[in-house]
Student: 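The structure's right below; bear with me while I get my questions together.
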Number of protein chains: 2
Amino acid sequence: MIVNRIRELREEKMRSSSESEQWTQEGMAKRLGVSRQTVISMEKGTYNPSLILAFKLARAFGMAIEDIFEYRDDDNET
Amino acid sequence: MIVNRIRELREEKMRSSSESEQWTQEGMAKRLGVSRQTVISMEKGTYNPSLILAFKLARAFGMAIEDIFEYRDDDNET
DNA sequence: ACTTGACGTAAAGTGAACTTTACATATAAG
DNA sequence: CTTATATGTAAAGTTCACTTTACGTCAAGT
């Protein structure tokens, strides 16, 4: 399974950034080129995003994928 | 789009590793828990794997995702 | 009171990641 | 010459990431 820090990071951006509306769920969705539903699902962490989405997120936050997502091999995933 | 070094890295492992059969396409498929077709498709680079698969690959190679996959935002992907 | 913006949820649809099977080729070994 | 192993390809099926729409809540502003 995969654990992520997306919500935490996004909320920190909302607080610190001058353009906080860029960092709402909808702002992030636009920036990433996905739907708001997808942002919500990612934050919930209930699913396994594509590598491209992970790269886009990492780029948006200016971080490495490994600093946003943590992989824990508890069980049998695809 | 995403470019990767999977084939290159796997073939290097085949040459240098003592258990080279662990690094055939089929060996990798078993290790990653996917089908051999999926390994072939990944090496061809024609598609966008899941984050979990990317993590498993990175772990198999003992590298970071960013050292295996390179993200180039040429156009409009999901 | 009413609007507006940010977040949440549910449900149906689409496309692509991934599987499975089957067959074909090339190389190396016995 | 035959057998085994590694790779390639094609095609049909399944699952799930992601979309779209629609509606509901809550807090802040006017």
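Worth saying up front: this structure is predicted, and the values here are computed from it rather than measured. Every chain is numbered from 1 and lettered A, B, ... according to where its sequence line falls, protein lines coming before strand lines.
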Student: Just by modelled atom types, is the A:I65 backbone N or O under 3.5 Å from a matching donor or acceptor in the B:E66 side chain?
Tutor: yes

Student: Treating primed atoms plus P, OP1 and OP2 as sugar-phosphate and everything else as base, which nucleotides of nucleotides 20-30 of chain C get B, S or - for protein heavy atoms under 4.0 Å?
Tutor: B----------

Student: Check for a donor-acceptor pair, side chain of A:R36 on one end and backbone N or O of A:E26 on the other, with a separation under 3.5 Å.
Tutor: no

Student: How many Å lie between CG on A:L51 and P on C:dA16, as a whole number?
Tutor: 17 Å

Student: Residues in salt bridge (charged side-chain N to carboxylate O under 4.0 Å, His left out) with B:R5, at least two apart?
Tutor: B:E8

Student: At less than 4.0 Å, is any side-chain N or O atom of B:S50 found next to OP1 or OP2 of C:dC18? Yes or no.
Tutor: yes

Student: What parts of residues 17-29 of chain B reach DNA chain D, counting only heavy atoms under 4.0 Å away?
Tutor: B:T24, B:Q25

Student: Measure CD/B:E43 against P/D:dT7 and give the value in whole Å, please.
Tutor: 8 Å

Student: Rounded to the nearest angstrom, tell me the gap between atom CD1 in A:I40 and atom P in D:dA22.
Tutor: 17 Å

Student: Within 45° of the six-membered ring axis of A:W23 and under 6.0 Å from that ring's centre, is NZ or CZ of A:R15 located there?
Tutor: no

Student: Rounded to the nearest 0.5 Å, how far does CZ of A:R7 lie from CE of A:M14?
Tutor: 11.0 Å

Student: Could you tell me how far apart B:M14 (CE) and D:dA6 (P) are, to the nearest whole angstrom?
Tutor: 7 Å

Student: Output the rounded distance in Å from OH (B:Y47) to C1' (C:dA16).
Tutor: 10 Å

Student: Evaluate the criterion side chain to side chain donor-acceptor pair (under 3.5 Å) for residue pair A:T38 and A:S41; output intermediate values, then yes/no.
Tutor: CA-CA 5 Å; A:T38 297; A:S41 297; over 6 Å; no

Student: Under 4.0 Å between a side-chain N/O of B:R7 and OP1 or OP2 of D:dA6, yes or no?
Tutor: no

Student: How close do B:V39 and B:Q25 get, heavy atom to heavy atom, and via which atoms?
Tutor: CG2-O, 3.8 Å

Student: What is the distance, to the nearest angstrom, from the CG atom on B:L53 to the C1' atom on C:dT19?
Tutor: 13 Å

Student: Hey, mind stepping through A:L51 and B:Y47 against side-chain contact (heavy atoms from CB on, under 4.5 Å) and telling me if it holds?
Tutor: CA-CA 10 Å; A:L51 225 204; B:Y47 81 115; over 6 Å; no

Student: Looking at every strand, decide which applies to A:M42 at a 4.0 Å heavy-atom threshold: base, sugar-phosphate, or nothing.
Tutor: nothing

Student: In whole angstrom, what separates B:K44's NZ from C:dA16's C1'?
Tutor: 15 Å

Student: Rounded to the nearest angstrom, tell me the gap between atom NZ in A:K56 and atom C1' in D:dC18.
Tutor: 12 Å

Student: Please report the C-alpha distance between B:S17 and B:S20 in whole Å, then the side-chain angles of each, then the deciding distance to 0.1 Å, and finally whether the side chain to side chain donor-acceptor pair (under 3.5 Å) criterion is met.
Tutor: CA-CA 5 Å; B:S17 170; B:S20 64; over 6 Å; no

